[in-house]
Amino acid sequence: MNLRRHRRKESAVEASALSDILFFLLLFFLIMSTLASANAIKLTLPRAATGQTIPKQKLNLYIREENGILKYYIEKSDRSVAFEDLQTQLTAEAGKLDNPTIALRADETIVYGEVIKVIDICNKARLPVTAIVDKTK
């Protein structure tokens, strides 16, 4: 008969492996949260009562739709500018000013993509577009 006491083996959980897993989970969720779509959250954005003032050397660029055709007007010009000539005309008018800033004024019916095309033309001409102006109250 064996009357000796049997020693039980003690079990332990390694905490170092758990901290590594928690670190990787934290990294995963941080990366995934930065990649989340901004359109996933539906917001109704408020209107600002006050805004940033436009510098005094602004160059107004108007976009209107007349009879289904987009018309572009530059600063007090009575005639419209063709889309193909917009960059050269903007560069010529901006050359008359020291530090020009384009104030883009588009009709509310203009498609957003067309406004982006005009902003792209201004960027190619190295002219800052700092304001998309709306109707003041």
Side-chain angles (χ1 to χ4, degrees):
M1 220 168 117
N2 192 0
L3 297 178
R4 287 189 285 165
R5 286 190 163 172
H6 294 285
R7 275 194 171 170
R8 292 185 184 190
K9 292 184 179 178
E10 293 182 20
S11 60
V13 176
E14 292 292 328
S16 62
L18 289 177
S19 63
D20 289 343
I21 292 171
L22 287 176
F23 177 75
F24 286 122
L25 284 173
L26 178 69
L27 277 176
F28 172 78
F29 286 119
L30 283 175
I31 291 171
M32 293 311 292
S33 67
T34 58
L35 297 177
S37 174
N39 296 332
I41 301 172
K42 303 280 184 205
L43 294 177
T44 303
L45 298 175
R47 270 187 92 118
T50 60
Q52 182 181 5
T53 58
I54 301 172
K56 297 212 185 271
Q57 291 190 330
K58 66 180 177 181
L59 183 62
N60 289 319
L61 174 60
Y62 300 93
I63 306 173
R64 291 181 46 188
E65 185 175 356
E66 297 174 1
N67 301 326
I69 300 171
L70 290 178
K71 303 279 185 166
Y72 304 95
Y73 298 93
I74 300 175
E75 189 80 35
K76 302 176 187 173
S77 176
D78 293 336
R79 62 180 183 84
S80 65
V81 177
F83 183 77
E84 295 80 22
D85 300 329
L86 192 59
Q87 182 173 353
T88 57
Q89 291 292 328
L90 278 174
T91 306
E93 290 294 324
K96 299 175 184 175
L97 302 173
D98 292 331
N99 191 11
T101 299
I102 305 297
L104 184 58
R105 297 176 184 265
D107 191 30
E108 65 184 358
T109 60
I110 303 298
V111 179
Y112 186 68
E114 297 299 323
V115 175
I116 296 299
K117 288 178 186 177
V118 172
I119 291 174
D120 192 38
I121 286 174
C122 293
N123 287 337
K124 286 178 184 176
R126 297 186 185 262
L127 296 171
V129 179
T130 59
I132 297 177
V133 183
D134 65 346
K135 180 173 64 172
T136 56
K137 292 183 180 180

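- Distance check: Lys117 NZ to Ile63 CD1 gives 11.0 Å after rounding to the nearest 0.5 Å.
- With rounding to the nearest 0.5 Å, the separation of CD in Glu66 from NZ in Lys71 is 5.5 Å.
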Let me check something: any side-chain donor-acceptor pairs from residues 83-92 under 3.5 Å, sequence neighbours excluded? List them with distances.
{"residue": "Thr88", "atom": "OG1", "partner": "Asp85", "partner atom": "O", "Å": "2.9"}
{"residue": "Thr91", "atom": "OG1", "partner": "Gln87", "partner atom": "O", "Å": "2.7"}

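- You'll find the side chain of Tyr73 reaches within 4.5 Å of the side chain of Ser80, heavy atoms only.
- Contact annotation: the side chain of Leu104 approaches that of Val115 to within less than 4.5 Å [non-hydrogen atoms, C-beta and beyond].
- Annotation: side chain of Glu65 is in contact with side chain of Ile110 (closest heavy-atom distance under 4.5 Å).
- Side-chain contact between Arg105 and Asn60: present, with at least one pair of heavy atoms (C-beta onward) separated by less than 4.5 Å.
- The shortest distance between side-chain heavy atoms of Glu114 and Leu70 falls below 4.5 Å.
- Considering every non-hydrogen atom in both Gln57 and Asn99, the closest pair reads OE1-N, 2.6 Å.
- In this structure, CG in Leu127 is found 10.0 Å from CG in Leu97, a value given to the nearest 0.5 Å.
- Taking CG of Leu18 as the reference point, atom CG of Leu22 lies at 6.5 Å (rounded to 0.5 Å).
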